[in-house]
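Shown next, in structure tokens, is the structure this report addresses.
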Amino acid sequence: MSEPKENVLMEKIVSLCKRRGFVFQSSEIYGGINGFWDYGQLGAELKRNVKDAWWRTIVHHRDDVAGLEATIIMHPKIWEASGHVATFADPMSTCKHCKKLVRFDQVWEMIPENAWAQAIAEICPDGLVESPALLAWAKGKGKHLAPNLALVRNPEVTLSFLAERVNAPGAARPTVKELYQYLATEQVNTTGLQTPCPHCGGELTAPRPFNLMFKSHYGPVESDDNVCYLRPETAQAIFAQFKNVHETARQKVPFGVAQMGKAFRNEVTPRNFTFRSREFEQMELEFFIKPDEAVEALAGSVAKASDNAWQGEPQADWGWEVWHKYWVEQRIRFYEGIGLTRDRFEEYWQKPEELAHYARACVDILYKFPFGTQELEGIAARGDFDLSQHEKHSGKPMGVFDEELRAAWGKLDEAKKASMRAKFVTGKTAAFLKKGADEAEAAKQAEAEATVYFDKLAKGQYIPHVIEPSAGVDRLILALLADAYSELTTTDEKGKSETRVVMRFHPRIAPVKVGIFPLLKNKPELVAKAKEVRDLLRPHMTVFYDDGGAIGRRYARQDEAGTPFGLTIDFDTLGEKPELLDTVTLRDRDTQQQTRVAIKDLLGLLLPKVR
RNA sequence: GCGAGUGUAGCUCAGCCUGGUAGAGCGUCACCUUGCCAAGGUGAAUGUCGAGGGUUCGAAUCCCUUCACUCGCUCCA
């Protein structure tokens with residue numbers, strides 16, 4: 001649980017967001033709708049600036065990345081190929097006793113990990129039922145370990161049904177799973193065998209499907225034939241359009257395709273303000289690279305990830321590890337570049353056992369939110385999993401042909417080819433073993449894959465591998481809001497202290513760059529001059545003109561909006577002191593310092609700071 | 001989806017227990033006054049008390065339902 005103090009901070013941020021127009025609850029006048037949020041005038045600008053910064057860095061400032069903007073609704077088979085239809089429809093059950101929510105398909109994997117189940121397994125080795133020992137356990141330790149297990153709640157009745165089962169003429173010994181089910185069931189005849197809650201042994205509700213994808217139908221008539229889904233991520237469109245982009249963008253591997261846009265997930269529990277929303281926006285890059293064997297054939301060797309190779313410009317001998325590190329580094333630089341405080345975000349290298357089955361490595365970029373340290377972006381090395389899946393499901397080849405690779409392969413000596421193949425087979429064998437194949441089967445399958453794979457390589461063909469930096473825009477906005485939030489307490493001459501909020505956004509992403517204020521509103525000359533300055537700057541940056549209230553109040557308002565600069569037009573601007581004619585005061589949000597700047601120098605001074 | 005808590009003006013909250021029909025501070029707006037960090041004065045607007053239903057002569061207050069938010073279970077861009 002997060003500290004109370006941190007919850008207070010979060011509440012302050014939420015409150016400011018509403019007060020100043022960063023974020024509103026969606027459909028608020030109708031009571032709101034869970035998991036959906038709107039951006040107000042300042043939030044919309046902030047979000048645009050962040051997305052623009054990403055697009056500029058990832059697409060415009062590079063030669064090797066192309067943009068894509070795909071539809072939200074795509075062919076439903078895309079989600080079968082990606083695995084989302086299967087993995088996004090988890091059957092869930094709730095324990096009627098301890099109220100915990102469990103994935104029904106994981107219950108039998110979880111049960112043996114719990115102490116109560118282990119104890120029963122010990123009492124009844126290999127399903128050999130020892131009723132007296134079970135009874136003793138139920139009345140003793142069992143009360144602690146599995147308070148809600150039928151055996152513990154009502155031992156005699158539960159055991160009597162088990163005895164019926166065991167003593168039936170010609171009955172085989174129950175499996176361990178069956179044993180657990182009997183021990184979890186009080187009245188077999190009325191309820192059938194129950195599945196115990198892994199945590200407390202209690203009764204689970206019938207599994208209900210939790211479909212995480214928003215479902216709809218294309219065409220006016222709803223039927224099973226025209227089911228479609230709102231995309232749960234933007235990445236798949238990139239894979240689905242890989243061939244088109246590759247052929248038309250005049251790009252050769254390594255190159256990337258970037259996309260940003262809305263994605264939708266029917267989250268079980270939207271939580272933490274905008275952090276987990278049901279409609280959210282992603283910025284994703286799929287960077288396609290040659291498989292290491294192709295790199296080795298072309299460059300002679302694959303650069304080691306342990307040398308700091310990734311810190312420089314991309315090189316021909318980079319394999320997936322170096323490319324992966326390179327992108328982690330690039331993404332960290334991006335976050336620094338938009339002003340995220342470096343010691344409030346960190347990179348986390350997932351441990352091998354945490355990786356999804358298709359990932360070779362994954363780095364999370366985590367931000368220290370007031371409610372806890374949470375993920376902003378994941379940078380995964382996904383091998384050729386995605387393109388291969390689409391090749392399988394669509395029947396369309398997803399590979400590329402590389403003339404140079406074919407030529408280079410022809411010149412490789414046999415020993416090199418053999419050692420590369422041996423290494424490939426070792427890796428694949430390990431992967432098949434992990435999936436549960438026996439040793440002979442794993443070796444056989446690995447050999448078969450190696451034959452297909454190396455035959456293609458020799459012809460210059462391969463399916464590109466991919467590095468995927470995938471970021472959540474709304475999470476980043478929330479991180480930037482939390483990062484920028486600061487309070488300034490001032491005490492006046494009367495000893496009255498007052499706390500004001502200053503949003504310290506980096507000028508590059510600040511919603512408004514400059515506030516423009518005539519010192520006094522009732523002096524037409526000041527107002528006219530201020531509007532002149534406004535019109536001078538407006539074509540180049542977002543400005544906000546304000547003549548309402550006292551000057552200090554206007555500064556404070558802009559501090560809350562996070563406007564980095566304030567310009568005040570006073571009587572000196574009009575020439576009260578001739579030497580100050582056509583100069584204004586430039587106020588810095590963070591230092592509150594004011595400097596005198598000539599109007600003609602403003603653009604040159606401000607533009608570099610806000611770009 | 002389940003459990004616990006919360007919902008009153010733009011914001012922060014009082015009033016609810018012990019029904020009699022809504023208040024404070026801040027903010028907002030207008031005017032006056034203004035010489036640089038939420039200054040002062042005068043005036044004004046704003047709530048079907050989250051929504052729906054019930055009990056009652058009468059409901060912000062008691063009861064039920066529902067929606068949203070917060071915290072857990074779950075999830076991870």
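By convention in this document, chain letters (A, B, ...) are assigned in the order of the sequence lines, proteins followed by strands, and residues within each chain are numbered from 1. Note that the coordinates shown come from a computational prediction; the quantities given were computed from them, not determined experimentally.
Residues A:Asp364 and A:Gly549 each lie close to RNA chain B; by heavy-atom proximity, the contact nearer the 5' end of the strand is made by A:Gly549. Residue A:Arg596 is the one, among A:Ala471 and A:Arg596, whose nearest nucleotide of RNA chain B lies closer to the 5' end (criterion: closest heavy atom).
Outside the 6.0 Å centre-distance limit, the rings of A:Phe273 and A:Phe371 are not counted as a close aromatic pair.
Rounded to whole Å, the separation between the P atoms of B:G27 and B:A39 comes to 7 Å. A distance of about 11 Å separates the P atoms of B:C62 and B:G20, rounded to the whole Å.
B:G3: Watson-Crick or G-U partner is B:C71, with both key distances under 3.5 Å. Across all strands shown, B:A22 has no partner, as no Watson-Crick or G-U wobble contact with both distances under 3.5 Å is found. In this structure, B:C16 makes no Watson-Crick or G-U wobble pair, since no nucleotide meets both defining distances under 3.5 angstrom. When both distances must be under 3.5 Å, the Watson-Crick or G-U wobble mate of B:A38 does not exist. Under the Watson-Crick or G-U wobble criterion, with both distances below 3.5 Å, B:A45 has no partner in any strand shown.
Look at A:Lys18 and you'll find a side-chain N or O under 4.0 angstrom from OP1 or OP2 of B:C11. For the OP1/OP2 pair of B:C31 and a distance below 4.0 Å, the side-chain nitrogens and oxygens of A:Asn522 include no atom meeting the criterion. Between A:Arg557 and B:U28, a side-chain N or O to OP1/OP2 separation shorter than 4.0 Å is present.
With distances taken from any side-chain atom of A:Arg276 to the nucleotides B:C69, B:C76, B:G35, the minimum falls on B:C76. Checking B:C29, B:C71, B:C36 against the side-chain heavy atoms of A:Asn272 singles out B:C71 as nearest. Out of B:C36, B:A38, B:U28, the shortest distance to the side chain of A:Leu519 is found at B:C36. Proximity note for A:Tyr555 (side chain, C-beta onward) versus B:C76, B:C36, B:A68: the nearest is B:C36.
The ring pair (Phe, Tyr, Trp, His ring centres under 6.0 Å) check on A:Trp320 picks up nothing, with sequence neighbours excluded. With sequence neighbours excluded, the residues forming a ring pair (Phe, Tyr, Trp, His ring centres under 6.0 Å) with A:Phe288 are A:Phe242, A:Phe255, listed by chain and number.
For the segment residues 563-575 of chain A, residues with any heavy atom less than 4.0 angstrom from an atom of RNA chain B are, sorted by number, A:Thr568, A:Asp570, A:Phe571.
Residues A:Lys531 and A:Asp547 are not paired through a salt bridge, judged by the lack of any N-O separation under 4.0 Å between the basic side chain and the carboxylate. In this structure, A:Lys529 does not pair ionically with A:Glu525, as no charged nitrogen and carboxylate oxygen lie closer than 4.0 Å. Between A:Arg596 and A:Asp570 there is a salt bridge, since a side-chain N of the basic residue sits under 4.0 Å from a carboxylate O of the acidic one.
Side-chain atoms of A:Arg553 stay outside donor-acceptor range of the base of B:C37, with no qualifying N/O pair under 3.5 Å.
Environment of CZ in A:Arg19: crowded, with over 12 heavy atoms of neighbouring residues, nucleotides or ligands closer than 6.0 Å.
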